[in-house]
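Report on one structure; see the data block that follows.
Position 1 is the first residue of the sequence, and the numbers go up from there. Keep in mind that the numbers below use all heavy atoms, side chains included, and drop hydrogens, waters and symmetry copies.
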Amino acid sequence: MVPDDAGGGLMRTDLLFDPVDGLDEALAAVDAFDAALVAGLLRPRPGQAAGVVELADAVAGTPLAARVAEAADRTVAGAAGEDHFVALAAARAALLGSVHDALTARVAEALGRPVAEEVAPGGAGGADHTANLLAAARSWLSDLARAGWQGIDHELVGGAAPVVSAMLPDPALRRQATLLDGFAAELAASCPGATLERIPVRRWADLWSRALLLTLPGATGAPAADTATGRLLPLGVDVQEHATAVQAQVHAVFEPADGGAPRLVRASASAPKPDTVVGAGLWQLLRPHLSLLTAVSEGRAMDLDAMPVTAEGDLVWDDALARAGEPADAFVTARVALPAAAAAATAPLDRHPARIAVPVLLEGYEARQDDDGLAFRIAGHRLPVDTDRIPAAGPLTAEAVATSGACLALLRWDAGEFHVQPLAVERTVRKKAVAVHAGAWAGGTTDKAGVRAEKAATGAVDALRERAGRLLRK
């Protein structure tokens, strides 16, 4: 998208910088509750109690009001149980969900795209053994809330290990298990909490509340799925890396074979990883799960035949239902197909401002480096560029972004402002436009730097696979 004063008329850039009514108040209530979690809710002091009450007051006019008010009263009295912590987590999620909805509506207005329709919640279900494991996870998370981040120690954090071990073999619980495992690993690396100089207050509160809500029956029930038959045009790859897991998420435009309106979709592959596998080695863990990564590297479309897709626009990838198509330049897709592509809705539990990731094409900007980092000066406004999100597993660099003339990116929101995460850029080299993609090495590469990085990573990955094989043979 180009700014409206640069001749394109496709993006109201000014709307991204105008204040959103009620946003600051909702975030202030969330921050007040998050601060209360720092010292724990076993015996809340007056300051903590005020934060809990502020959260309850913020949802006073909603269907959650009565349950949250009761939960706040019991928490302030130091007598909160698991159900009360769940109610507080739900209130926190509702406030952040309202922020998400207000911001996505603003983005849709700025881009001229339609607002997505609501997604119906998934159905409840689950076997008895599943309910027992979820209850065990809920108990551990409640103990965390009572202790607070300053009260964590290895014994408390270690209580998650048997729960995670019991959950992981069950595919229905793998989502919750992965979240608990990563959260516990972060906490363990920070023990004891009493000695911490800096606490990631918002992040740990996000992980705690999300994990707690995912222990409820039916929380992970998938919305009704459809099937997708047509052409998939990749835009770029977002790599999300943690010490214990990695995910590659391909953002793309889907053009239905029946001539229906194009829409934005995603396809993801995730894999567990040890912290020794980094950089280009990540692709070796992910490639076996998603053939689409090869198409991204080769700059090709893929033809889909009845590929399952959720109401949220997530493709449930099956290699048997996809084949490589014709060459498809991501920047051509962004200029021709992206402006008309409709976004999918977001499920209630996924409505969080950190989840906003809207593909956009930016042109007509001036890249500037200042004390606050790299930013695009566009339509008279400063739009920060999050170069920290550029993966080391590709040829895209902050220097390439700084010398670019066009940027295919994800529009995100954090710390009170919008910013962009580059997926690819176009820059002029010897009077020719050259595209550089963050996911260029995803399916393999002949690029010299990529080949060197792959070779360096192969030894570590092969050694881990051999070690895992020996353990399984025992």
Side-chain angles (χ1 to χ4, degrees), residues 20-103 118-122 124 134-135 137-149 151 176 179 183 201-221 346-355:
V20 177
D21 292 341
L23 185 143
D24 290 341
E25 292 80 0
L27 290 175
V30 171
D31 288 341
F33 176 72
D34 292 355
L37 282 176
V38 173
L41 301 176
L42 180 61
R43 297 182 183 86
R45 295 190 291 269
Q48 296 169 269
V52 176
V53 171
E54 185 173 345
L55 178 71
D57 290 344
V59 297
T62 75
L64 290 172
R67 293 191 65 177
V68 177
E70 178 189 353
D73 289 342
R74 294 295 297 272
T75 302
V76 168
E82 292 177 11
D83 290 346
H84 302 116
F85 291 134
V86 169
L88 295 173
R92 185 182 184 278
L95 286 175
L96 288 171
S98 70
V99 172
H100 170 278
D101 290 352
L103 291 171
E118 295 285 333
V119 174
L134 292 175
R138 196 157 52 247
S139 176
W140 177 73
L141 290 163
S142 296
D143 288 342
L144 280 183
R146 294 185 182 98
W149 313 133
Q176 295 96 321
L179 176 56
F183 187 22
V201 178
R202 173 68 66 81
R203 175 175 173 79
W204 283 359
D206 279 343
L207 293 172
W208 174 81
S209 58
R210 182 167 180 79
L212 194 56
L213 294 175
L214 287 178
T215 65
L216 298 178
T220 57
T346 305
L349 282 183
D350 292 337
R351 286 175 172 159
H352 188 292
R355 301 267 299 188

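Side chain of Ser139 to backbone of Ala135: no donor-acceptor contact under 3.5 angstrom is found. No donor-acceptor distance shorter than 3.5 angstrom exists from the side chain of Arg74 to the backbone of Gly81, with no hydrogens or angles considered.
Scored by the side-chain hydrogen bond (donor to acceptor under 3.5 Å, both in side chains) test, Arg146 finds Asp143 as partners (sequence neighbours excluded). For the side-chain hydrogen bond (donor to acceptor under 3.5 Å, both in side chains) test, no residue two or more places apart in sequence or in another chain qualifies with Trp208. Ser98 pairs by the side chain to side chain contact (heavy atoms under 4.5 Å, CB included) definition with Ala26, not counting sequence neighbours.
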Between side-chain atoms of residues 54-73 and protein atoms elsewhere (two or more places apart, or another chain), which donor-acceptor pairs fall under 3.5 Å?
| unit_1 | atom_1 | unit_2 | atom_2 | d |
| --- | --- | --- | --- | --- |
| Thr62 | OG1 | Val59 | O | 2.8 |
| Thr62 | OG1 | Leu64 | N | 3.2 |

Below 3.5 Å, can you tabulate the donor-acceptor pairs from side chains in residues 210-217 to any protein atom, sequence neighbours excluded?
| unit_1 | atom_1 | unit_2 | atom_2 | d |
| --- | --- | --- | --- | --- |
| Arg210 | NH1 | Leu349 | O | 2.8 |
| Arg210 | NH1 | Asp350 | OD1 | 3.4 |
| Arg210 | NH2 | Asp350 | OD1 | 2.8 |
| Thr215 | OG1 | Arg138 | NH1 | 3.2 |
| Thr215 | OG1 | Leu212 | O | 2.5 |

Show me, pair by pair, the donor-acceptor contacts under 3.5 angstrom made by side chains of residues 29-44, not counting sequence neighbours?
| unit_1 | atom_1 | unit_2 | atom_2 | d |
| --- | --- | --- | --- | --- |
| Asp31 | OD1 | Arg202 | NH2 | 2.6 |
| Asp34 | OD1 | Arg92 | NE | 2.7 |
| Asp34 | OD1 | Arg92 | NH2 | 3.4 |
| Asp34 | OD2 | Arg92 | NH2 | 3.0 |

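The minimum heavy-atom distance between Asp206 and His352, with the atom names listed, is OD1-NE2, 3.0 Å. Nearest heavy-atom pair, Ala205 versus Trp149, reported as atom, atom and distance to 0.1 Å: N-CZ2, 4.1 Å.
Side-chain contact between His100 and Thr346 is present, with heavy atoms from C-beta onward closer than 4.5 Å.
Interatomic distance, Ser209 OG to Leu95 CG, rounded to the nearest 0.5 Å: 11.0 Å.
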